[in-house]
Novice: 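Once you've had a glance at the structure underneath, I'll fire off some questions.
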Amino acid sequence: MTDSREKSPEVVVEAIEVHKSFGPLEVLKGINLSVRKGEVVCLLGPSGSGKSTFLRCINHLERMSSGRILVDGQLIGYHERGGDLHEMSGKELAVQRRDIGMVFQRFNLFAHQDVLRNISQAPILNRGQPRKEAVARARELLKMVDMEGREAAFPYQLSGGQQQRIAIARALAMKPKLMLFDEPTSALDPELVGEVLNVMRKLASDGMTMIVVTHEMAFARDVADRVVFMDQGVVVEEGPAREVIDNPKHERTQAFLRRMH
């Protein structure tokens, strides 16, 4: 990042030897990663390298086969007793997920609800926030994502870029400690990509801790503090964003970046 925000020593995400298999196919082969508070980390790599699977393990949308993931010092998805992991109940997991915002490739908005309800419902239902407060926060977030005045619109009335900005506002409404983005621009027409990336740039400069799976190299180079290049289920190379993108050390990273330019 070129801005002057300070890097906190506080670790928000700690992934330790994360493995994930789908049947005989091992998709993650022992991922280790730490992300500090206020840090923006971009996960790069070819399709099928395990990036999205790893991201989904962080909020337990996918169960790990082995390993541990901690967010803000809390083991995600499990209780540990005597060295064994026991899966949490759905209710306990829902409490953990309140602190982890996630934005997907597809916008996943509620088609039958207008923009204001899409953003304000979760804080009311999941955090017990008073409706008036939740609606006021939703309006603030609409301003932040440059969607002021569209409170009464329904998803079908919005472009893909507008829907994705609403999806980001909806995730932020829960006041998460961590934001996960899974290729948030890959389903968008090229001319709409910039408006979503601009919102993400704002979040980064405001100090939001973010992990972003992306193929947007310019965004990763300019906005990320660190990039992590994954291939075939392992971390091949990681380091300061500009260093890795401009001067990759590993030949697999070099080959990938050549294809992306």
Side-chain angles (χ1 to χ4, degrees), residues 1 5 7-8 10-15 33-43 51-52 54-62 69-78 88 90-110 115-130 133-145 147 163-185 196-214 223-226:
M1 285 292 295
R5 57 197 172 92
K7 305 298 178 291
S8 167
E10 187 185 327
V11 173
V12 175
V13 181
E14 185 78 56
L33 182 69
S34 293
V35 180
R36 290 176 296 158
K37 188 176 182 180
E39 197 175 18
V40 179
V41 174
C42 281
L43 304 183
K51 308 179 303 294
S52 291
F54 175 61
L55 205 69
R56 291 169 67 84
C57 285
I58 293 173
N59 65 358
H60 204 63
L61 284 174
E62 291 289 357
I69 294 176
L70 294 92
V71 173
D72 220 21
Q74 276 198 326
L75 188 62
I76 293 295
Y78 299 94
M88 285 183 172
K91 201 172 178 181
E92 290 172 308
L93 187 57
V95 170
Q96 283 194 329
R97 284 193 183 133
R98 294 191 308 204
D99 291 329
I100 305 171
M102 185 150 185
V103 177
F104 301 86
Q105 294 178 35
R106 294 284 166 189
F107 327 119
N108 294 357
L109 297 177
F110 300 119
V115 161
L116 202 62
R117 284 178 70 81
N118 258 289
I119 298 171
S120 61
Q121 279 296 85
I124 294 166
L125 298 176
N126 298 331
R127 283 208 186 273
Q129 199 173 27
E133 203 178 294
V135 167
R137 168 88 174 143
R139 290 185 192 279
E140 274 173 34
L141 289 167
L142 283 170
K143 199 171 181 178
M144 194 215 113
V145 300
M147 288 291 288
Q163 289 188 59
Q164 193 61 297
R165 283 184 280 154
I166 297 302
I168 293 172
R170 184 176 63 178
L172 291 172
M174 292 293 286
K175 299 185 178 172
K177 294 171 181 168
L178 168 69
M179 284 287 284
L180 308 176
F181 292 87
D182 188 9
E183 299 204 31
T185 58
V196 172
L197 293 181
N198 284 340
V199 170
M200 293 170 67
R201 285 174 198 273
K202 276 186 207 172
L203 281 181
S205 63
D206 287 346
M208 174 60 78
T209 309
M210 295 160 60
I211 304 177
V212 185
V213 173
T214 187
V223 179
D225 297 296
R226 202 154 37 105

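Numbering starts at 1 and runs along the sequence shown.
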Novice: Hey, does the side chain of Thr209 reach the backbone of Gly38 with a donor-acceptor pair shorter than 3.5 angstrom?
Specialist: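 Judged by distance alone, yes, a pair lies under 3.5 Å.
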Novice: Name all residues meeting the side chain to side chain donor-acceptor pair (under 3.5 Å) criterion together with Gln96; count only those two or more places apart in sequence or in a different chain, and write none if there are none.
Specialist: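 Side chain to side chain donor-acceptor pair (under 3.5 Å) check on Gln96 returns nothing, list empty.
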Novice: Just to verify, what does Arg127 make a salt bridge (charged side-chain N to carboxylate O under 4.0 Å, His left out) with, not counting sequence neighbours?
Specialist: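 Testing Arg127 for salt bridge (charged side-chain N to carboxylate O under 4.0 Å, His left out), a comparison that skips the adjacent residues, returns Asp99.
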Novice: Restricting to non-hydrogen atoms, name the atom on Phe54 and the atom on Ile69 that form the minimum distance, rounded to 0.1 Å.
Specialist: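 Phe54 and Ile69 have their closest heavy atoms at CE1-CD1, 4.4 Å.
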Novice: Going by the rule side chain to side chain donor-acceptor pair (under 3.5 Å), which residues pair with Gln121 if we only count those two or more places apart in sequence or in a different chain?
Specialist: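 By the side chain to side chain donor-acceptor pair (under 3.5 Å) rule, Gln121 matches no residue at all.
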Novice: Sequence neighbours excluded, which residues qualify as ring pair (Phe, Tyr, Trp, His ring centres under 6.0 Å) partners of Tyr78?
Specialist: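 Ring pair (Phe, Tyr, Trp, His ring centres under 6.0 Å) check on Tyr78 returns His60.
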Novice: Return the set of residues passing salt bridge (charged side-chain N to carboxylate O under 4.0 Å, His left out) with Arg97 (not counting sequence neighbours), or none when no residue passes.
Specialist: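 Once residues adjacent in sequence are excluded, Arg97 has no partner under the salt bridge (charged side-chain N to carboxylate O under 4.0 Å, His left out) criterion.
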Novice: Can you list the residues that meet the salt bridge (charged side-chain N to carboxylate O under 4.0 Å, His left out) rule with Asp182, with sequence neighbours excluded?
Specialist: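 Asp182 satisfies salt bridge (charged side-chain N to carboxylate O under 4.0 Å, His left out) with no residue once adjacent residues are dropped.
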Novice: Holding to side chain to side chain donor-acceptor pair (under 3.5 Å), I want the full list of residues that pass it with Thr185, two or more places apart in sequence or in another chain.
Specialist: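 In terms of side chain to side chain donor-acceptor pair (under 3.5 Å), with neighbours along the sequence ignored, Thr185 is linked to Glu216.
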Novice: With distance as the sole test, does Gln164 use its side chain to make a donor-acceptor pair with the main-chain N or O of Pro184 at under 3.5 Å?
Specialist: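 Side chain of Gln164 to backbone of Pro184: a pair is present.
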Novice: Please list every donor-acceptor pair under 3.5 Å in which a side-chain atom of residues 136-144 meets a protein atom from a residue at least two apart or in another chain.
Specialist:
from: Arg137; atom 1: NH2; to: Leu172; atom 2: O; distance (Å): 3.0
from: Arg139; atom 1: NH1; to: Glu151; atom 2: OE2; distance (Å): 3.3

Novice: Mind checking side chain to side chain donor-acceptor pair (under 3.5 Å) for Glu62 and listing every partner two or more places apart, or none if nothing turns up?
Specialist: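 Not a single residue meets the side chain to side chain donor-acceptor pair (under 3.5 Å) criterion with Glu62.
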